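What follows is a single structure, written as structure tokens, with notes after it.
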Amino acid sequence: MSEERSLNFIEEIIENDLNSGKYETLITRFPPEPNGYLHIGHAKAICLNFGLTKKYGGYTNLRFDDTNPVTEKTEYVDSQQADIKWLGFQWKNELYTSDYFDTLYDFAVTLIEKGLAYVDHGSAEEIAELKGTPTEPGKDSPYRLRSIQENLDLFSQMKNGDFEDGACILRAKIDMASVNMLMRDPIIYRIKHAEHHRTGNKWCIYPMYDFAHGQSDSIETITHSICTLEYVAHRELYDWFIEKLEIFPSKQYEFARLNLSYTVMSKRKLLQLVNEGIVSGWDDPRMPTISGLRRRGYTPESIREFCERIGIAKRENLIELSLLEFCVREHLNKTATRVMAVLDPIKLVITNYPEGKDEILIGENNPEAEDKGGTREIPFSNELWIEREDFMEEPAKKWFRLAPGATVRLKHAYIVKCEDFKKDADGQVTEIYCTYIPESKSGEDTSGINVKGTIHWVSSKHAKSAEIRTYDRLFTVESPDSEEGDFKDYINAESMNVIEKAYIEPYLVNADKDSRYQFIRKGYYCVDKDATPDHLVFNRTVSLKDAWAKSNK
RNA sequence: UGCCCGAUAGUAUAAAGGUAGUACAACGGUUUUUGGUACCGUUUGUCUAGGUUCGAAUCCUGGUCGGGCAACCA
């Protein structure tokens, strides 16, 4: 199917470059800053960069863009690597911008020697003041005319730790009147007496993004440096440094980042949700992080498929969450083992089934799998738990489930007829009484009876209990970012619902932490990391589509 | 009121001057021992005004709308 898909604009550029002989090998990179966990937006970039070299040959480097020691941590490096691998991609080289600090320093010296960089002792405020605005040109700094030798000495002193943080900076000397703010003598090195997660205290000056990224690309001979739209304006600077430094000309291309409805995607905001305890952590199943989606039960296949379907273009977009949900349902439908679980139990007694009798029924594990996924044993008895919502005292029109006098099929078991029910003082139905039809047993039905509805159940005597966590969108509005006020004003208070005690088939006591299950008629679920042998915990990944619920809205 | 990027069904994304297509969503139906799945069908679109052309979503010009650009962040 991918061979039928038309090319996106980046693929077109690459095919042209390859066909024209401009490059023999495609080299891309994925360059996260290790200051947070990766999210579904990064997955789009990962699938793009790694997918391109998978498709056209060549390779992709993983490069941690670690030029700001204050926000970066090894914890993030580790989680990011784990997430990329989990998504199914393998980088060629594991690299760090900090590996290039010596080279980058030399590049800066080269620039100074060429008269293209100078040390500025202005304060942050003074420099901002002289920078101008998008509509007004900036003014030259009083330090702009320093001699090359003076700049060389000063920069060396910066490196040696002779200055406090913020005392001065190194700037490229370009054009304070440029219409592009980034070309108005951008800062390329600043002083930060901070310990770096990899270089420790070796450095007290660190390059800025613009003076690190393009050069790192160049050092690695990245042919196509793909980034998001907010870097469009940086491209001019990117090219300028490469030109002045006379190094390998990597080229930058920009695509539109992913926005997903009912969530936020900025690392700053996600960090806030974590730090303020609004979610349980970066891997909270409601988070759009890779680790959150993984814990929620999403599969790498479904995320890759999602990234394939959303496409690559340059226009701002807001992808509907329903597409992500479609992708995971599509994959899980083919792969998940079907089991029965009753989330909101009500007792059903089969009055003509011998009390104390047990029967082992056989259920296929997955009707969608070629081999039906094998089978499992399901114990049956005269007392069952069924879903409260599957019984209606006064049935609605087109109601196919249980109601007084109605018949339904118990999945994998018998047809039963509702004869009576009992209510408590509050009018709550407490028990339902049915008779079963012995010759209607699943697979050997000779009753000739046809029923409209099939419901799931669990034998009460054999049932095990489990905690089940049901999730909903984290925000109440499609685009919390574009809403008035603080994005946290739009947190969905009902984004997580915990069912302390649901009943599950005994088969599930051995539930595999890495497997996903379909709770028949309910949704797809996986075992949460909080589960213990004594206390099973399941997360709902996504519900099944529910035409009945929809038609009754 | 400067510069840059963008604008195709509800949401995304194709169509490289020649039939506006695909997916998700929505709606209707068939099948079904999951009101699931599968399958079939329906609705909905080229921001606008000019121009070039036999012919424009596509090229040109103006406008409108959306996004970006003034961190010692990336």
Side-chain angles (χ1 to χ4, degrees), chain A residues 4-8 12 31-33 35 65-68 70-72 120 123-124 127-129 131-138 165-171 178-182 184 187-192 205-206 208-210 212-213 227-236 254 256 261 267-268 309-327 329-330 333-334 338 340 363-364 367-368 398-401 408-413 415 440 442-443 445 450-456 478 518-523 543-552:
Chain A
E4 288 185 17
R5 203 201 74 216
S6 51
L7 303 180
N8 62 50
E12 281 181 14
E33 182 188 11
N35 69 344
D65 213 342
D66 54 352
T67 58
N68 185 0
V70 217
T71 55
E72 295 153 6
D120 193 322
S123 68
I127 288 171
E129 186 69 27
K131 194 123 191 175
T133 70
T135 53
E136 299 164 286
D165 286 8
C168 56
I169 50 163
L170 183 70
R171 306 176 73 170
S178 172
V179 70
N180 183 348
M181 298 286 293
L182 289 158
R184 321 239 263 229
I187 296 169
I188 59 181
Y189 260 95
R190 77 288 213 191
I191 301 169
K192 273 181 196 282
I205 57 171
Y206 294 92
M208 298 286 288
Y209 167 85
D210 286 305
H213 204 99
C227 61
T228 46
L229 251 29
E230 63 268 32
Y231 292 99
V232 169
H234 293 251
R235 190 174 60 233
E236 189 179 358
E254 312 87 11
S261 63
K267 274 195 270 187
R268 200 196 97 241
R309 283 174 181 257
I310 57 179
I312 301 293
K314 297 189 77 158
R315 74 186 81 125
E316 293 288 330
N317 59 80
L318 179 63
I319 308 286
E320 292 178 343
L321 185 60
S322 59
L323 182 60
L324 218 209
E325 294 182 336
F326 167 83
C327 291
R329 283 195 189 104
E330 182 186 47
N333 175 53
K334 292 186 191 123
R338 269 63 166 172
M340 294 194 285
E364 66 185 13
E368 302 298 321
K398 287 186 143 183
W399 177 258
F400 300 158
R401 311 178 197 175
V408 295
R409 156 81 57 187
L410 294 171
K411 179 76 180 172
H412 298 310
I415 292 173
S440 67
S442 201
D445 187 345
N450 269 320
V451 291
K452 277 279 184 72
T454 300
I455 65 172
H456 60 279
E478 268 204 320
Q518 183 196 99
F519 290 1
I520 290 179
R521 302 209 303 134
K522 298 309 290 183
S543 69
L544 249 32
K545 283 213 274 187
D546 189 345
W548 171 252
K550 193 184 280 181
S551 70
N552 282 279

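So you know, we letter chains A, B, ... as the sequences are listed, proteins then strands, and number each from 1. None of the values given here were measured: they were computed from a predicted structure.
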* To do: Check the distance between A9(B)'s C1' and Glu320(A)'s CD and give it to me in whole angstrom.
  => 12 Å

* Are side-chain N/O atoms of Glu72(A) and Asn35(A) paired as donor and acceptor at under 3.5 Å? -> no

* Would you mind reading off the distance between Glu254(A) atom CD and C4(B) atom P, rounded to a whole angstrom? => 14 Å

* **Separation of Ile415(A) CD1 from Asn450(A) CG (nearest 0.5 Å)** => 7.5 Å

* Residue-phosphate contact under 4.0 Å: Lys522(A) side-chain N/O, G36(B) OP1/OP2 -> no

* Side-chain donor/acceptor of Thr454(A) to base of U34(B), under 3.5 Å -> no

* Just how far, in rounded Å, is P of A70(B) from NE2 of His234(A)? -> 7 Å

* If you measure from the P atom in G50(B) to the same atom in U43(B), how many Å do you get, rounded? -> 30 Å

* Answer with yes or no whether Arg409(A) presents, from its side chain, a donor or acceptor under 3.5 Å of a partner atom in the base of U33(B). => yes

* To do: Provide, to the nearest angstrom, the distance between the CG atom belonging to Asn317(A) and the P atom belonging to C5(B).
  => 19 Å

* **Ala549(A) vs Arg190(A), nearer the 5' end of RNA chain B by closest nucleotide** => Ala549(A)

* To do: Compare every heavy atom of Ala256(A) with every heavy atom of Asn317(A), then report the nearest pair and how far apart it is.
  => ND2-CB, 3.7 Å

* To do: Rounded to whole angstrom, note down the P distance from G17(B) over to A56(B).
  => 14 Å

* Structure fact -> Closest heavy-atom pair, Trp548(A) versus Lys398(A), reported as atoms and distance to 0.1 Å, is CZ3-O, 3.5 Å

* To do: Could you tell me whether Arg171(A) and Asp120(A) have a side-chain N and a carboxylate O separated by less than 4.0 Å?
  => yes

* Can you check the Arg315(A) CZ to C4(B) P distance for me, whole Å? -> 21 Å

* Asked: Looking at CD of Glu368(A) and CG of Asn333(A), how far apart are the two atoms once the value is rounded to the nearest 0.5 Å?
  -> 4.5 Å

* Asked: Considering only the P atoms, how many Å lie between C40(B) and G62(B), rounded to the nearest integer?
  -> 48 Å

* Asked: Given that Gly453(A) and Leu318(A) both sit by RNA chain B, which one's nearest nucleotide is further toward the 5' end?
  -> Leu318(A)

* To do: Any chance you could list the contact pattern along nucleotides 62-68 of chain B? Use B for base contacts, S for sugar-phosphate-only contacts and - for none, protein heavy atoms under 4.0 Å, 5' to 3'.
  => -----S-

* To do: Rounded to the nearest angstrom, tell me the gap between atom CZ in Arg329(A) and atom P in C24(B).
  => 12 Å

* **Span that lies between the P atom of A57(B) and that of G45(B), in whole angstrom** => 15 Å

* To do: Answer yes or no: is there a donor N or O on one side and an acceptor on the other, between the side chain of Lys192(A) and the main chain of Gly166(A), under 3.5 Å?
  => no

* **Sub-4.5 Å side-chain heavy-atom contact between Lys522(A) and Ser543(A)** => no

* Asked: Expressed in whole Å, how much space separates the P atoms belonging to G41(B) and G21(B)?
  -> 14 Å

* **Between C73(B) and G36(B) - C1' atom distance, rounded Å** => 47 Å

* To do: Indicate yes or no: does Asp445(A) engage Arg409(A) in a salt bridge with an N to O separation below 4.0 Å.
  => yes

* To do: Rounded to whole angstrom, note down the C1' distance from U58(B) over to G2(B).
  => 29 Å

* Do the charged groups of Glu136(A) and Lys131(A) touch, with an N to O distance under 4.0 Å? -> no

* If you measure from the C1' atom in G10(B) to the same atom in C27(B), how many Å do you get, rounded? -> 13 Å

* Asked: Quick one: Asn552(A) CG to C27(B) P, roughly how many Å, whole number?
  -> 12 Å

* Asked: Rounding to a whole Å, what distance do you find between Arg309(A):CZ and A14(B):C1'?
  -> 15 Å

* Structure fact -> Its contact letters, B for base, S for sugar-phosphate only and - for none at protein heavy atoms under 4.0 Å, make nucleotides 38-48 of chain B read -----------

